[in-house]
Colleague: 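One structure is given below, represented as structure tokens, and several questions about it will come after.
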Number of protein chains: 2
Amino acid sequence: MANQKINREQIIIQALETLQKSKSFTQFSLRKVATDLNVDASTLYWHFKNKQEILQAMAAYVVGRVKIPDTNLKWDDQLKQLFSNMFDVYERYPFSAILMIETIPSDLVRLKLIDHTIGIMVDAGIDEQTANVAATSFDFLLTGLNIDLTVENRFRQQIVQNKNAEMADHVKIIHQNIKNYDLKHMQSSVKIRNQFSAKEQFEMGLDLIIDGLKKRLN
Amino acid sequence: MANQKINREQIIIQALETLQKSKSFTQFSLRKVATDLNVDASTLYWHFKNKQEILQAMAAYVVGRVKIPDTNLKWDDQLKQLFSNMFDVYERYPFSAILMIETIPSDLVRLKLIDHTIGIMVDAGIDEQTANVAATSFDFLLTGLNIDLTVENRFRQQIVQNKNAEMADHVKIIHQNIKNYDLKHMQSSVKIRNQFSAKEQFEMGLDLIIDGLKKRLN
DNA sequence: ACCTGAACACCGTTCAAGT
DNA sequence: ACCTGAACACCGTTCAAGT
């Protein structure tokens with residue numbers, strides 16, 4: 001069918017697009033990527049060892065889009081800027097947060113980013129150990145909120161399209177449970193989730209942890 | 001084959017055991033659960049709507065094992081105790097952190113736990129919004145570190161057994177990259193990871209966020 | 001009410017064979 | 001060097017049919 005030779009980069013770019021079209025991460029498959037590339041599925045195995053290696057390359061590609069903020073900024077502004085950039089990149093590539101979780105940061109791009117993050121804090125006078133813990137916290141908060149966001153978006157789309165009654169049921173069950181059992185704080189929790197965007201919520205979490213860091217600097 | 005009737009609880013308990021035996025979350029399948037139950041795979045669909053519903057029930061079961069600490073304790077000790085309990089439960093049921101991510105907290109058990117967590121902070125005088133953000137941060141930090149831990153454990157086992165050369169390769173690549181590119185902070189990061197257990201790292205993160213909360217109470 | 005068997009539409013991966 | 005085709009051992013899910 002296809003007389004053009006393909007390379008690794010074309011595969012991961014198409015893979016990210018195919019992932020974007022998918023309804024869930026589970027629905028994403030190499031066979032679909034191959035079809036979109038007009039190529040047999042087995043062809044991918046000439047370029048990559050297995051699916052895991054492709055996921056790894058996809059994750060590295062996404063992280064590569066993250067821009068490092070100006071190192072002349074104040075340390076807390078650098079952190080806020082950096083993670084804001086990461087948030088935007090993750091949002092640009094759906095399911096990329098899941099990609100990060102499914103995957104190990106062994107490639108240079110991701111290792112460098114972690115190193116840089118810790119470096120910002122260490123340069124500000126925070127001890128290596130605390131900086132490490134903070135970097136981990138930031139990362140998981142970002143990833144977690146992003147996954148939540150992805151799930152929620154899918155829900156809304158599917159509910160609007162009446163395509164997925166189950167998801168609507170889930171939301172109903174949540175609200176019923178909250179009402180029936182009078183879970184006061186969950187009520188305000190739902191309100192806050194509707195009031196603020198995922199990014200704003202992430203920024204609030206970021207601020208909270210940064211406050212923790214500042215308390216230790218004093 | 002099987003003349004015994006099975007019920008939902010037996011299915012989720014076996015499912016958790018079958019999950020435990022699995023080498024990865026992806027390897028876990030309903031067909032294996034059915035085999036372990038001496039039952040045809042289609043039987044499960046009489047008791048549950050689909051795989052997602054089974055995962056949901058498994059997650060609820062695991063969260064149900066978490067014990068709520070004495071409400072007479074100081075608020076920060078309550079939080080530490082609660083999440084320490086959660087950490088232990090997650091460790092007892094491998095892949096349960098992934099279960100939480102794959103799944104939506106719509107059931108009562110999980111909603112109640114979130115409500116309780118926020119309540120601890122609100123009762124201490126923290127505003128509803130900050131308490132919400134903090135609860136989210138705690139949860140993602142716990143989940144994230146737990147996933148990391150699970151992945152790492154599998155790696156070590158597989159490396160020791162020489163069963164998975166790829167994983168050993170990953171570790172080698174990480175170390176090579178760190179050396180070749182002189183990623184100083186990653187070097188200390190690796191050291192810290194070896195020095196402290198995942199639980200200790202989690203507790204450090206918890207302390208950091210609690211410090212952030214205390215700074216706001218002042 | 002509860003379970004089976006067969007079928008359907010999918011997967012990831014391998015490997016001989018082609019160009 | 002790069003790709004195909006067929007095959008293998010898996011999946012989740014449905015549904016008529018059994019008891």
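Since we're looking at a predicted model, the values are computed, not measured. Residue numbers begin at 1 in each chain, while the letters A, B, ... track the order of the sequences.
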Colleague: Side chains of D207(B) and V133(A): closer than 4.5 Å at any heavy-atom pair?
Modeller: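 The answer is no; the side chains never approach within 4.5 Å.
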
Colleague: Whole Å only: how far is the CZ atom of F25(A) from the P atom of dC11(D)?
Modeller: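 Value for this atom pair: 19 Å.
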
Colleague: Out of dA1(D), dG12(D), dC15(C), which has the shortest distance to the side chain of W46(A)?
Modeller: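 The closest nucleotide is dA1(D).
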
Colleague: Give me each pair satisfying salt bridge (charged side-chain N to carboxylate O under 4.0 Å, His left out) with a member in residues 134-143 of chain A, each pair once, sequence neighbours excluded.
Modeller: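 Every pair satisfying salt bridge (charged side-chain N to carboxylate O under 4.0 Å, His left out) with a residue in residues 134-143 of chain A: there are none.
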
Colleague: Look at H47(A) and dC3(D) and indicate whether a side-chain polar atom (N or O) is within less than 4.0 Å of OP1 or OP2.
Modeller: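 Yes.
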
Colleague: Consider only side-chain N and O atoms of E128(A) and N132(A), and report whether a donor and an acceptor are under 3.5 Å apart.
Modeller: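 No pair is found: no donor N or O on one side chain lies under 3.5 Å from an acceptor on the other.
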
Colleague: Looking at the side chain of K5(A), which of dC2(C), dC11(D), dC3(D) is the nearest nucleotide?
Modeller: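 Output: dC3(D).
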
Colleague: Taking the minimum atom-to-atom distance to the side chain of N50(B), which one of dG5(D), dT13(D), dT4(C) wins?
Modeller: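 For N50(B), the side-chain atoms sit closest to dT13(D).
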
Colleague: Can you tell me if K32(A) touches the phosphate of dC10(C), counting only side-chain N or O atoms and a distance under 4.0 Å to OP1 or OP2?
Modeller: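 It does not, given that no N or O in the side chain of K32(A) lies less than 4.0 Å from OP1 or OP2 of dC10(C).
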
Colleague: For L30(B) and dC10(D), what is the distance between atoms CG and P respectively, to the nearest whole Å?
Modeller: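 Rounded to whole Å, this separation is 16 Å.
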
Colleague: If every non-hydrogen atom of M100(A) is compared with every non-hydrogen atom of Y90(A), which pair is closest and at what distance?
Modeller: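 Scanning both residues completely, I find the closest heavy atoms to be CG-OH, 3.3 Å.
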
Colleague: For K51(A) and dT13(C), give me the distance from atom NZ to atom C1', rounded to whole Å.
Modeller: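 So the NZ-C1' distance, K51(A) to dT13(C), works out to 12 Å.
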
Colleague: In dot-bracket notation, what is the pairing pattern of DNA chain C, taking Watson-Crick (N1-N3 plus N6-O4 or O6-N4) and G-U wobble (N1-O2 and O6-N3) contacts under 3.5 Å, with [ ] crossing and | for other strands?
Modeller: ||.|||||...|||||.||

Colleague: Could you give the CD-to-C1' distance, from Q52(B) to dT13(D), as a whole number of Å?
Modeller: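 Taking CD of Q52(B) and C1' of dT13(D), I get 14 Å after rounding.
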
Colleague: May I ask you to check whether K199(B) and S84(B) show a side-chain donor-acceptor distance below 3.5 Å?
Modeller: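 Yes - a donor-acceptor pair under 3.5 Å links their side chains.
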
Colleague: Side chains of R110(B) and I104(B): does their closest heavy-atom pair fall under 4.5 Å?
Modeller: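 No, too far: nothing below the 4.5 Å cut-off.
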
Colleague: With respect to the phosphate group of dT4(C), does any side-chain polar atom (N or O) of S42(B) fall under 4.0 Å of OP1 or OP2?
Modeller: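 Negative; the distance criterion is not met.
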
Colleague: Is it true that the side chains of K172(A) and S106(B) contain a donor and an acceptor less than 3.5 Å apart?
Modeller: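 Result is no, nothing qualifies.
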
Colleague: Check the distance between dA17(D)'s P and D40(B)'s CG and give it to me in whole angstrom.
Modeller: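 One finds 17 Å between P of dA17(D) and CG of D40(B), rounded.
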
Colleague: Choose from dC11(C), dG12(D), dC3(C) the nucleotide whose nearest atom is closest to any side-chain atom of R31(A).
Modeller: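 Nearest to the side chain of R31(A) among the choices is dC11(C).
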
Colleague: Which nucleotide wins on minimum distance to the side chain of I6(A), given the candidates dG12(C), dC3(D), dT4(D)?
Modeller: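 Ranking dG12(C), dC3(D), dT4(D) by closest atom to the I6(A) side chain puts dC3(D) first.
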
Colleague: Provide, to the nearest angstrom, the distance between the OH atom belonging to Y45(A) and the P atom belonging to dC11(C).
Modeller: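 Atom OH in Y45(A) sits about 12 Å away from atom P in dC11(C).
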
Colleague: Measure CD/E53(B) against P/dG12(D) and give the value in whole Å, please.
Modeller: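 Checked: the CD to P distance equals 15 Å.
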
Colleague: Parallel, tilted or perpendicular for F83(B) and F138(B), by the 30°/60° rule?
Modeller: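 Taking F138(B) first and then F83(B), their aromatic rings sit tilted (interplane angle of 30° to 60°).
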
Colleague: What about S29(B), does its side chain sit under 3.5 Å from the base of dG12(D) through a donor-acceptor pair?
Modeller: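 Under the 3.5 Å cut-off, the side chain and the base do not form any donor-acceptor pair.
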
Colleague: What's the CG-C1' distance between N38(B) and dT4(C), to the nearest Å?
Modeller: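 That distance rounds to 14 Å.
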
Colleague: Measuring from the side chain of T43(B) (C-beta onward, heavy atoms only), which nucleotide among dC3(C), dG5(D), dT13(D) has the closest atom?
Modeller: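 When the side chain of T43(B) is considered, dC3(C) is the closest of dC3(C), dG5(D), dT13(D).
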
